[in-house]
Amino acid sequence: MRTTLRGPSGPFTADVTVPGDKSLSHRALILAAMARGTSSVTGLGPGRDVDSTRSAIMSLGVEVQDGLVRSAGVDAWSDPGEPIDAGNSGTTLRLLAGALAGRPFRSTLVGDESLMRRPMGRLVGPLGALGARVETSDEATPPVSVGGDRLAGADVTIPIASAQVRSAVALAALQADGATTIDSPPGFRDHTERWLETLGRGSREEGHRFRVEPGPVPPADYAVPGDPSSAAYLLATAALAPGAEVVVRRISLNPGRTGFLDVLAAMGVDVAIEATGDVLGDPVGDVRVRGAKLEGVRIDGHLVARTLDEIPLLAVLAAAAEGDTVIADATELRVKESDRVETTVAMLRALGGEAEETPDGFVVAGGFLKPGTVDSEGDHRIALAAAVAATVAGQVEIEGFDASAVSWPGFVEELEAVWSS
């Protein structure tokens, strides 16, 4: 599917909401499925990835209907008798691997062609520390087989700042004999841990350690806020257009998710953040961005973990900035839905930008973008970032734009509404 976007004709001002947070949607569905009773889950993200988690828990015998999740508890999950399809969602596969690790039956998790190439070996050691037997292909990719083992609490150290692996361990630890502590480098999203703490199943310890107390998860009300990764695309289009302003309401302000806003501020953008509440201890609020002249920056270290999903979008901003922007310590980009180092550089070059790959990232020479055609390579983040590039490129054609439905069906209509406001 080829989609053509033509940028705005002048400054614009918009006040918008965005779809429910994808990361929190996965967690809300799984935690509600593990609880015994009925949970309310509203504001779920509309993309295909969230649909994959919904379908997966339903295959285990959980009822999901009209914003309610009804379950007899994780102990009542039933063997679906066939592989569980996670679609394109690595979050679905990794989190469910943890939740299924304590079940008395073996489960096999698979996905689409893209997901079947993505690395899953990082689950083996941390879940194995609890006694789980996790099996992958010889290349440490799906299918992933897990379950049928008795779990015991342990001190688990994860060598990378991965929210998905930490969450997988936490979900398994809820079913273990004895408490578990989880530690890793900083920079991860701690959604799962904030929620478990509020639900009485965990507590923070020194540094980045989190203690999980095994036991049943109580039913809860999950009012999923807007997705900051989705909001980033609308905020970025304002940042690219001096005189423009976009306000996005009630998005997640989890510290692990606000790296994009920190980078915008460092590039010289006028960013205002107002916390307005929380969901089970996880902050939410409003963000306003006003367009400004952009300056190149360096993104590395812990900041990479906090901006990983938005790096293709930041590359578009970098191409319109003054001076070079360096992305380093980002080898994780190479094992996403596409090799995002390669596809991001290709996107910028297709639009007249200057960018060069490095072993752990890339360098963007600021200047300008011009009309062109971008191939999304089936990656929703590339498709969405290329759409935003039309703000400064004037016109962008995107091959494979249907990939954007993984996270945001209807994005084009929302973007064009902002441009015309």
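Quick caveat: nothing in here was measured; it's all calculated off a predicted structure.
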N/O donor-acceptor pairs under 3.5 Å from side chains in residues 30-48, not counting sequence neighbours:
from, atom 1, to, atom 2, distance (Å)
Arg36, NE, Ala72, O, 3.4
Ser39, OG, Ala220, N, 3.1

Name all pairs fulfilling the side chain to side chain donor-acceptor pair (under 3.5 Å) condition that reach into residues 9-19, sequence neighbours left out, sorted by first residue then second. Asp15-Arg249

Could Asp270 and Arg288 be called an ion pair, given the rule that one side-chain N must be under 4.0 Å from one carboxylate O? yes

Checking Asp379 against Lys336 for the salt bridge (Lys or Arg N to Asp or Glu O under 4.0 Å) test, could you report, in this order, the C-alpha distance in whole Å, the side-chain angles of both residues, the deciding distance, and whether it holds? CA-CA 8 Å; Asp379 190 325; Lys336 293 293 186 178; over 6 Å; no

Expected output: side-chain Thr325 to main-chain Val297 donor-acceptor under 3.5 Å: yes

Take atom CD in Glu322; do more than 12 heavy atoms of anything else shown fall under 6.0 Å from it? no

Is Asp339 reaching over with its side chain to a backbone N or O of Glu342, donor-acceptor style, under 3.5 angstrom? yes

Please evaluate residues Glu295 and Lys293 with respect to the criterion salt bridge (Lys or Arg N to Asp or Glu O under 4.0 Å), reporting the C-alpha separation (whole Å), side-chain torsions for both, the decisive distance (0.1 Å), and the verdict. CA-CA 7 Å; Glu295 299 179 359; Lys293 182 178 179 181; over 6 Å; no

With a 3.5 Å cut-off and no angle check, do the side chains of Ser23 and Arg189 form a donor-acceptor pair? yes

Is it true that atom CD of Glu354 has more than 12 heavy atoms of other residues, nucleotides or ligands lying nearer than 6.0 Å? no

Run the salt bridge (Lys or Arg N to Asp or Glu O under 4.0 Å) check on Glu356 and Arg349 step by step: do they pass? CA-CA 9 Å; Glu356 296 290 339; Arg349 289 177 174 174; 3.1 Å; yes

Side-chain (Arg194) to main-chain (Asp282) donor-acceptor, under 3.5 angstrom: no

Could you tell me whether a side-chain N or O of Trp195 sits under 3.5 Å from a main-chain N or O of Val279, the two making a donor and an acceptor? yes

Mind checking whether Phe260 and Leu313 have side chains closer than 4.5 Å, heavy atoms only? yes

Could you walk me through whether Tyr233 and Trp408 pass ring-ring contact (aromatic ring centres under 6.0 Å, His included), step by step? CA-CA 11 Å; Tyr233 297 100; Trp408 195 344; 7.2 Å; no

Salt bridge present between Arg201 and Glu213 (N-O < 4.0 angstrom): no

Ser338: which of Thr344, Thr343, Asp375 passes side chain to side chain donor-acceptor pair (under 3.5 Å): Thr343

Let me see the working for Asp227 and Lys22 under salt bridge (Lys or Arg N to Asp or Glu O under 4.0 Å), right down to the final yes or no. CA-CA 6 Å; Asp227 191 324; Lys22 189 153 67 94; over 6 Å; no

Checking Arg166 against Ser184 for the side-chain hydrogen bond (donor to acceptor under 3.5 Å, both in side chains) test, could you report, in this order, the C-alpha distance in whole Å, the side-chain angles of both residues, the deciding distance, and whether it holds? CA-CA 8 Å; Arg166 286 183 69 111; Ser184 75; 2.8 Å; yes

Testing the 3.5 Å rule here: is there a donor-acceptor pair between the side chains of Arg103 and Gln175? yes

Which of these passes side chain to side chain donor-acceptor pair (under 3.5 Å) with Asp190: His208, Arg257, Arg204? Arg204

What pairs meet the ring-ring contact (aromatic ring centres under 6.0 Å, His included) rule with one or both residues in residues 360-386, with sequence neighbours excluded? none

